[in-house]
Amino acid sequence: MRRLRNRLAGAALSVLALTVTATGCGGSSEASSGSPPPSGAATAGQTVANRVEPLERRPAPRLPATVRSADGEKVTVEKAERVVPLSGSLSEIVFTLGLGDRVVARDVTATFAQAAGLPVVTRGHDVSAESVLSLRPDLVIAETTTGPAEAVDQIRAAGIPVLLVAAARGLDDVGTRIRAVAGALGVPAAGQELTRRSEQRIEAARTDVPHGEKPRVAFLYLRGSASVYLIGGADSGAGSLIEAAGAVDAGAASGLDKDFTAITSEALVKAAPDAILVMSKGLESVGGVDGLVKIPGVAQTPAGLDRRIVSVEDGVLLNYGPRTDQVLRSVVAQLYSEDGAR
């Protein structure tokens, strides 16, 4: 453990050298098409910039467009002047494509600045068909995990095109989700452009990951108000991000093959994480780091002893969208920071 701590501290200099470019105002950016600058937080303790960065050239939709939904249904979009994305991730894609002015409502998880003024009509798994239909949408974009299913069916039954996009599971889903949304909006070329930009930036972020012994990182899902304390396993969705940050998913490596398992002292001891990854609101819900280390078993892990906690905003951590490079840079900066203890 001492050797790993020394490596983490020594890696801080390279991580702190990452540059920060917080952009995303209006419909233009300063990103170049060759080597786009990183657009997110890069130093330890900083959060992901709470703005999206639209493509430099605003695309003109060519409709009607017929696309295949993730549930196999063919969806024909005649016009897309009033769009309702039913998750923060999908809202982020629409805005980054440059079509944010067509979005008329948001999910509670769409917390980025450009969407802040929109009315909240849904909360991911608590969709109100009546609220959505009252907005007279031309297109509704939902995740395959959006629910309840009856609400989605009711929106479709009203004659509104509903595109279901497969839920994000990892870095490989970034381009697939962008292209699916872009196709339904009639801007497939913009989808290809945004995919290239996003993948280039993710790859650039990966090149800044220090080499050497890999730290073990456990993803914990915390909701203190509901006494929900879970450790992520192989299907949590965090493994891809953890591995991209040059680390090992401690939950999966310890044999947890489900998405989440209730935290026990035994599970944490077996996972033996050097760092713990959490969503920021989850961390707040347990009373910050001081409260986190009081959860049975946490204080006995290397992460708990060192108080090395990596936190990222709930609405963006596992989005796997256009800001994934920012998330990765933030995780890397916090994970390898010399001042990891808090």
Side-chain angles (χ1 to χ4, degrees), residues 26-27 51-52 54-55 58-168 176-191 194 315-316 319-322:
R51 297 187 67 83
V52 298
L55 292 173
R58 176 185 169 87
R62 299 184 65 178
L63 298 171
T66 299
V67 294
R68 190 170 294 279
S69 181
D71 61 352
E73 295 289 328
K74 282 189 176 180
V75 178
T76 298
V77 182
E78 299 287 346
K79 60 180 181 177
E81 312 225 344
R82 299 181 62 81
V83 180
V84 177
L86 296 182
S87 77
S89 177
L90 296 173
S91 291
E92 182 178 319
I93 293 173
V94 177
F95 272 84
T96 310
L97 286 167
L99 301 176
D101 60 338
R102 295 167 181 254
V103 178
V104 296
R106 68 183 177 94
D107 180 78
V108 69
T109 58
T111 58
F112 55 92
Q114 293 99 320
L118 293 171
V120 176
V121 297
T122 181
R123 295 176 180 270
H125 295 285
D126 187 21
V127 174
S128 168
E130 292 76 12
S131 295
V132 172
L133 292 173
S134 70
L135 296 165
R136 298 174 288 107
D138 302 317
L139 172 65
V140 171
I141 309 175
E143 309 266 357
T144 49
T145 54
T146 299
E150 294 78 12
V152 176
D153 291 341
Q154 187 176 342
I155 295 169
R156 272 182 167 164
I160 308 300
V162 176
L163 174 74
L164 293 183
V165 179
T176 302
R177 288 165 59 81
I178 289 172
R179 291 190 296 271
V181 173
L185 292 171
V187 291
L194 182 56
V316 72
N319 269 4
Y320 294 114

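Numbers for residues simply follow the sequence, beginning at 1.
Of the candidates Val83, Val84, Val140, Leu135 forms a side-chain contact (heavy atoms from CB on, under 4.5 Å) with just one, namely Val84.
Between Asp107 atom CG and Asp126 atom CG the span is 10.0 Å, to the nearest 0.5 Å. To the nearest 0.5 angstrom, Leu55 atom CG is 5.0 Å from Leu194 atom CG. Note that CD of Glu81 and CG of Leu63 are 9.0 Å apart. Values are rounded to the nearest 0.5 Å.
Residues passing the side-chain hydrogen bond (donor to acceptor under 3.5 Å, both in side chains) test with Thr66, sequence neighbours excluded: Thr76. With sequence neighbours left out, Thr96 forms a side-chain hydrogen bond (donor to acceptor under 3.5 Å, both in side chains) with no residue at all. Every residue was checked against the side-chain hydrogen bond (donor to acceptor under 3.5 Å, both in side chains) condition with Ser134, not counting sequence neighbours, and none meets it. Ser131 is linked by a side-chain hydrogen bond (donor to acceptor under 3.5 Å, both in side chains) to Ser128, counting only residues two or more places apart in sequence or in another chain. The side-chain contact (heavy atoms from CB on, under 4.5 Å) search around Arg68 returns Lys74, not counting sequence neighbours. Annotation: side-chain contact (heavy atoms from CB on, under 4.5 Å) contacts of Pro59 (sequence neighbours excluded): Leu99, Val187, Ala190.
The nearest pair of heavy atoms linking Pro322 to Ile93 is CD-CG1, 3.8 Å. The two residues Ala151 and Ala129 make their nearest non-hydrogen contact at O-CB, 3.7 Å. Heavy-atom minimum distance, Pro85 versus Ala105: CD-O, 3.8 Å. Pairing each heavy atom of Glu78 with each of Pro64, the nearest pair is OE1-CB, 3.6 Å. The heavy-atom pair separating Gly88 from Thr109 by the smallest distance is N-OG1, 2.8 Å.
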Stepwise, does the side chain to side chain contact (heavy atoms under 4.5 Å, CB included) test hold for Val52 with Gln114?
-> CA-CA 7 Å; Val52 298; Gln114 293 99 320; 3.4 Å; yes
Take Leu97 and Leu185, measure what side chain to side chain contact (heavy atoms under 4.5 Å, CB included) needs, and give me the verdict at the end.
-> CA-CA 10 Å; Leu97 286 167; Leu185 292 171; 4.1 Å; yes
Side chain to side chain contact (heavy atoms under 4.5 Å, CB included) between Val181 and Val94, intermediate numbers included | CA-CA 7 Å; Val181 173; Val94 177; 3.9 Å; yes
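Residues Asp101 and Arg58 form a side-chain contact, since some pair of their non-hydrogen atoms from C-beta on lies under 4.5 Å apart. Contact of the Thr146 side chain with the Val127 side chain is registered, since non-hydrogen atoms from C-beta on lie closer than 4.5 Å. For the pair Arg82 and Arg102, the minimum side-chain heavy-atom distance is 4.5 Å or more.
Residue pairs meeting the salt bridge (Lys or Arg N to Asp or Glu O under 4.0 Å) criterion with at least one member in residues 109-121: none, sequence neighbours excluded. Applying the ring pair (Phe, Tyr, Trp, His ring centres under 6.0 Å) test to residues at least two apart or on different chains, the pairs with a partner in residues 69-105 are Phe95-Phe112. For residues 72-91, the set of pairs meeting the ring pair (Phe, Tyr, Trp, His ring centres under 6.0 Å) definition, not counting sequence neighbours, is empty. The salt bridge (Lys or Arg N to Asp or Glu O under 4.0 Å) pairs that include a residue from residues 176-186 are Glu143-Arg177, where partners are two or more places apart or lie in different chains.
In this structure, the side chain of Asn319 engages the main chain of Gly315 through a donor-acceptor pair within 3.5 Å.
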Review item, side-chain donor-acceptor pairs of residues 152-168, under 3.5 Å, at least two apart:
residue	atom	partner	partner atom	Å
Gln154	NE2	Glu130	OE2	3.3
Arg156	NH1	Asp71	OD2	2.8
Arg156	NH2	Asp71	OD2	3.1
Arg156	NH2	Val162	O	3.2

